[in-house]
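Only one structure is covered here, and it is reproduced in the block below.
Remember, it's 1-based here, ligands and their atoms both numbered in the order they're listed.
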Amino acid sequence: MAATTAVTTVDNEAVATEAPYMPLTYERTLRTDLERTLPKPYLPRALSAPDTEHPLGTPGHSSNGLTVLQQHVAFFDQDDNGIIYPWETYVGLRAIGFNMIASLIMAIVINMALSYPSLPGWFPSPFFPIYIDNIHKNKHGSDSSTYDTEGRYSPANLEFMFSKYARTYPDKMSLGELWNMTEGNRLAFDFFGWVASKLEWAILYILARDEEGFLSKEAIRRCFDGSLFEYCAKMQMGAEGKMY
Ligand code: HEM
């Protein structure tokens, strides 16, 4: 009997997600029920971005053989040649609803920051192209870890983002909660990553927040696979359709 109890205690410790002497581990909780609706939630997906409510990813959204991170940026490749120039980023941002000044500033910042790591050679280009083949080389620190280093999408990390930081509602986050998330994701002395993360989440919040000022899990999930951008562009053109 004693042996059984000992084994049970050891087993529980082996899968514990909370440590009594580290309060953050029980303030920022991890969901342990993901497998009820999402098979192999720990497995990074190369082609689709599922969550517990959408175990097959985005219906009707084709990967075209691209990784989820490549899909995130492919919308901005206006001529489909695998290279995103600043003017293409600008056109894409305008198409999803940003005004001229915001789109201009964002296009310059995004292409200046992301071009060099993505280039096929070591020589910089004055036109600041971003090569989609190498977009995984632009992964930075202090992010949500939802993309892996090859550009796959890790479903469990999207779910943990919500179980850790979504306090008001389980499926949407306020601006303050997003702020806490980016603060919680900060890695030491990672100045580039701190700023890049804040900007990415701020732009997404501006783009997709609802009337009450919350950013939904569905908007975030669809930002990861880029289908959110297609949806926003359609909405801007006045096309029919509803995402939520
Ligand atoms: C309105 C447009 C955009 C929004 C709202 C947006 C938002 C985001 C968000 C929320 C993330 C996830 C960050 C994290 O996991 O913490 C992300 C990641 C990323 N985005 Fe965008 N993005 C946009 C446009 C672009 C464009 C045009 C490019 C490049 C052509 C780009 C390249 C990337 C890359 C490389 C990552 C991976 C960074 C990482 O996880 O470390 N994004 N973006």
Single-linkage hydrophobic cluster, 4.5 Å side-chain cutoff, Leu69 and Leu47 together: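 No; Leu47 is not reachable from Leu69 via cluster members.
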With a 3.5 Å distance limit and no angle check, can you tell me whether [X] reaches the backbone of [Y] through a side-chain donor-acceptor pair?
| X | Y | result |
| --- | --- | --- |
| Tyr165 | Trp179 | no |
| Arg94 | Phe98 | yes |
| Arg28 | Thr25 | no |
| Glu88 | Gln78 | yes |
| Asp225 | Ser227 | yes |

Select one of side chain, backbone, both or neither to describe which atoms of [X] lie under 4.0 Å from any atom of ligand 1, heavy atoms only.
| X | answer |
| --- | --- |
| Leu114 | side chain |
| Cys223 | side chain |
| Leu69 | side chain |
| Ile96 | side chain |
| Met106 | neither |

Those atoms of ligand 1 less than 4.0 Å from some heavy atom in [X]:
| X | value |
| --- | --- |
| Leu204 | 5 (C), 10 (C) |
| Val73 | 28 (C), 29 (C), 30 (C), 31 (C), 32 (C) |
| Phe229 | 1 (C), 2 (C), 3 (C), 4 (C), 23 (C) |
| Leu93 | 1 (C), 2 (C) |
| Phe76 | 2 (C), 24 (C), 27 (C) |
| Ile84 | 30 (C) |
| Ser144 | 14 (C), 15 (O), 16 (O) |
| Asn138 | 35 (C) |

Which atom of Arg31 lies closest to which atom of Ser163, heavy atoms considered: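 Answer, listing the atom of Arg31 first, then Ser163: N-OG, 3.5 Å.
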Closest non-hydrogen atom pair between Asp79 and Asn81, with its separation: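 Taking every non-hydrogen atom into account, OD1-OD1, 2.9 Å.
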Could you tell me the residue and atom name of the protein heavy atom closest to [atom], and the distance to it rounded to 0.1 Å?
| atom | answer |
| --- | --- |
| atom 9 (C) of ligand 1 | Glu200 CB, 3.7 Å |
| atom 40 (O) of ligand 1 | Asp143 OD2, 2.9 Å |
| atom 25 (C) of ligand 1 | His72 NE2, 3.8 Å |
| atom 12 (C) of ligand 1 | Phe224 CE2, 3.7 Å |
| atom 38 (C) of ligand 1 | His140 NE2, 3.5 Å |
| atom 26 (C) of ligand 1 | Ile110 CG2, 4.1 Å |

Nitrogen or oxygen of Trp201 less than 3.5 angstrom from that of ligand 1: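 Indeed, backbone or side chain, Trp201 has an N or O that close.
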Test of proximity, Thr146 against ligand 1: N or O pairs below 3.5 Å: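 There is no such contact.
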Pairwise side-chain contact, His72 with Ile135, heavy-atom cut-off 4.5 Å (strictly under):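 His72 vs Ile135: side chains apart.
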Close approach, Thr182 and ligand 1, non-hydrogen under 4.0 angstrom: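 Not so, Thr182 does not reach ligand 1.
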Test item, Phe75 contacting ligand 1 (heavy atom, 4.0 angstrom):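 Contact check Phe75 vs ligand 1: negative.
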Ionic contact status for Glu159 with Arg221, cut-off 4.0 Å: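 A salt bridge is absent here (no side-chain N lies under 4.0 Å from a carboxylate O).
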Salt-bridge contact Glu53-Lys217 (side-chain N to carboxylate O under 4.0 Å):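 Judged by the 4.0 Å cut-off on N to carboxylate O distance, Glu53 and Lys217 do form a salt bridge.
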Parallel, tilted or perpendicular, as decided by the 30° and 60° cut-offs, for the rings of Tyr85 and Trp87: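 Answer is parallel, since the angle falls under 30°.
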His136 and Tyr147 aromatic centres sub-6.0 Å: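 No - the distance between ring centres of His136 and Tyr147 does not fall below the 6.0 Å cut-off.
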side-chain contact (heavy atoms from CB on, under 4.5 Å) evaluation trace for Arg222 with His54: CA-CA 11 Å; Arg222 293 189 59 169; His54 309 86; over 6 Å; no
